[in-house]
Amino acid sequence: MSATKATHQLTKQHNRDLVLKTIFEHETISRAEIARLTQLTRTTVSEVVSGLLSEGLVKEVGLGSSIGGKPSILLSLVADSRYLIGVNLALNRFIGSVVNLRGEIKRTVEQPIQANDGRKAIQLVYRILDELMKERWKSLVGIGVGAPGLIDTRAGVVVNAVNLEWQDLPLAHLLEERYRLPVRILNDSQATAIGEFVYGDQRPGDNLIVVNASHGIGAGILINGRLFQGDGGSAGEIGHVFVEEDGQLCRCGRRGCLETLAGGWAILQAAQRLPSLSTVTALDALETKFYEGDPSVKEIVLQAGRHLGTAIGGLVGTLNIQRVILNGDMTRFGGPWLDAVRGAMSRAALGRMVQETQLEIGKLDYRACLLGSSAYLLLDDYSLLFLQKEKP
Ligand SMILES: [Zn+2]
């Protein structure tokens with residue numbers, strides 16, 4: 001292909017992605033409005049839209065009002081024109097769902113994880129996907145996976161997921177071979193961040209920090225509407241940032257990581273060190289005692305919240321991102337815990353920066369991870385949506 005032709009194709013693809021993104025972001029929108037928002041010419045927009053119409057991705061849904069001129073035809077995404085699969089491997093059970101282009105979950109399959117056995121864990125992933133694929137979804141375009149641990153997204157490799165006993169596992173390759181679909185793998189906290197960004201609270205803004213506070217702790221960072229993964233792919237891995245001298249042993253092998261103070265395992269262990277709570281083995285039991293007003297449980301939970309808040313203050317002080325969403329198992333402790341997080345965050349960064357920062361609990365719980373991993377497929381490459389060979 002000549003250089004000019006290649007450039008032309010790239011421009012075409014760029015324009016198409018821009019138009020698609022704009023349609024994704026609106027319930028309905030006219031061609032003129034797309035042109036205004038994207039600053040593309042009306043002719044370009046019309047050309048792109050007719051391609052999208054013939055692909056069945058977009059439909060005309062009626063007339064909108066127009067000031068002065070004649071009413072314009074409104075366009076809307078056809079939510080069920082394509083399906084994606086999102087998988088969450090970061091819980092005590094594996095969950096996979098088929099979702100449409102608006103993030104509506106169509107079908108979900110779960111598998112409890114029994115033993116920590118890497119090979120069995122892969123079989124469980126297959127079982128979930130086999131089950132989901134049994135129904136012959138028309139136009140299934142890809143599989144996104146949110147997995148715990150260190151992930152090399154570009155290579156599609158789980159570098160290290162201790163709990164699943166996966167090391168250098170080429171998961172994307174394995175799934176692509178088996179299912180003949182594009183596969184993307186993301187760290188679960190990063191996937192959760194994308195889920196909240198795309199489908200959660202739709203407040204304006206291109207930057208977002210999502211902190212996933214479960215047994216482990218991690219964050220996902222979006223900057224200018226894109227996932228920020230850092231140079232090595234592990235941006236947001238705040239759970240293993242050192243916090244306490246001679247602290248508790250962490251599952252990473254070191255002592256005093258944030259996770260050993262602020263995560264679910266941490267508060268369970270802290271509770272078990274007290275004679276009155278030595279028999280508590282699950283977060284559910286701690287939650288009950290917390291809401292019953294048990295003062296020691298309350299102190300343990302709020303202390304965990306304060307440690308988390310200090311770490312978030314560090315992120316806010318570094319990045320000045322004004323929207324922070326909390327997700328994960330620890331959010332079960334609700335308002336009091338959130339207040340502890342917020343209070344500590346306020347003390348950990350400049351007043352002005354923190355005052356302007358909104359911190360809240362997300363609404364998507366475990367779904368954020370699987371929705372985000374499926375949405376990442378598109379953010380990564382809109383071309384997946386095109387079934388006809390007009391792929392540029
Ligand atoms: Zn650690």
Side-chain angles (χ1 to χ4, degrees), residues 88-92 113 116 118 121 146-153 157-169 185-193 209-221 227-273 280-283 286 300-319 324 326-333 337 340-341 344-345 348 369:
N88 180 350
L89 303 181
L91 304 167
N92 56 3
I113 319 167
N116 289 1
L150 288 179
I151 312 295
D152 182 340
T153 300
V157 170
V158 179
V159 179
N160 191 0
V162 183
N163 297 334
L164 300 174
E165 290 190 342
W166 284 350
Q167 211 154 13
D168 295 317
L169 176 76
I185 308 217
L186 275 180
N187 166 272
D188 64 301
S189 296
Q190 295 179 352
T192 299
I209 295 172
V210 175
V211 176
N212 187 7
S214 295
H215 279 298
I217 290 179
I221 302 162
L227 180 68
F228 177 74
Q229 290 192 300
D231 290 333
S234 306
E237 198 59 72
I238 56 170
H240 300 284
V241 168
F242 173 77
V243 177
E244 190 185 44
E245 197 74 52
D246 297 324
Q248 298 293 319
L249 187 65
C250 182
R251 61 192 168 122
C252 72
R254 300 176 313 133
R255 281 186 185 275
C257 297
L258 177 64
E259 234 174 71
T260 66
L261 292 160
W265 279 310
I267 61 168
L268 270 176
Q269 282 171 3
Q272 285 160 3
R273 285 193 289 273
V280 171
T281 54
L283 280 185
L286 269 192
I300 287 170
V301 168
L302 298 188
Q303 182 63 27
R306 289 191 283 270
H307 281 297
L308 184 64
T310 305
I312 295 175
L315 281 178
V316 169
T318 309
L319 297 167
V324 182
L326 297 163
N327 185 299
D329 242 359
M330 290 295 287
T331 60
R332 65 171 71 212
F333 298 106
W337 173 78
V341 176
M345 177 186 84
C369 175

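Both ligands and their constituent atoms are indexed starting at 1 by order of listing.
Under the side chain to side chain donor-acceptor pair (under 3.5 Å) criterion, R273 pairs with Q248, sequence neighbours left out. With sequence neighbours left out, H240 forms a side chain to side chain donor-acceptor pair (under 3.5 Å) with E259. With sequence neighbours left out, N187 forms a side chain to side chain donor-acceptor pair (under 3.5 Å) with no residue at all.
Among the candidates V157, V158, V159, the single residue satisfying the side chain to side chain contact (heavy atoms under 4.5 Å, CB included) test with W166 is V158. Between D188 and the options L91, N212, L89, I151, a side chain to side chain contact (heavy atoms under 4.5 Å, CB included) holds for only N212.
Put simply, CG on L326 and CZ on F333 are 13.5 Å apart, with the number rounded to the nearest 0.5 Å.
Protein N/O/S atoms found under 2.8 Å from the Zn ion (ligand 1): H240 ND1, C250 SG, C252 SG, C257 SG.
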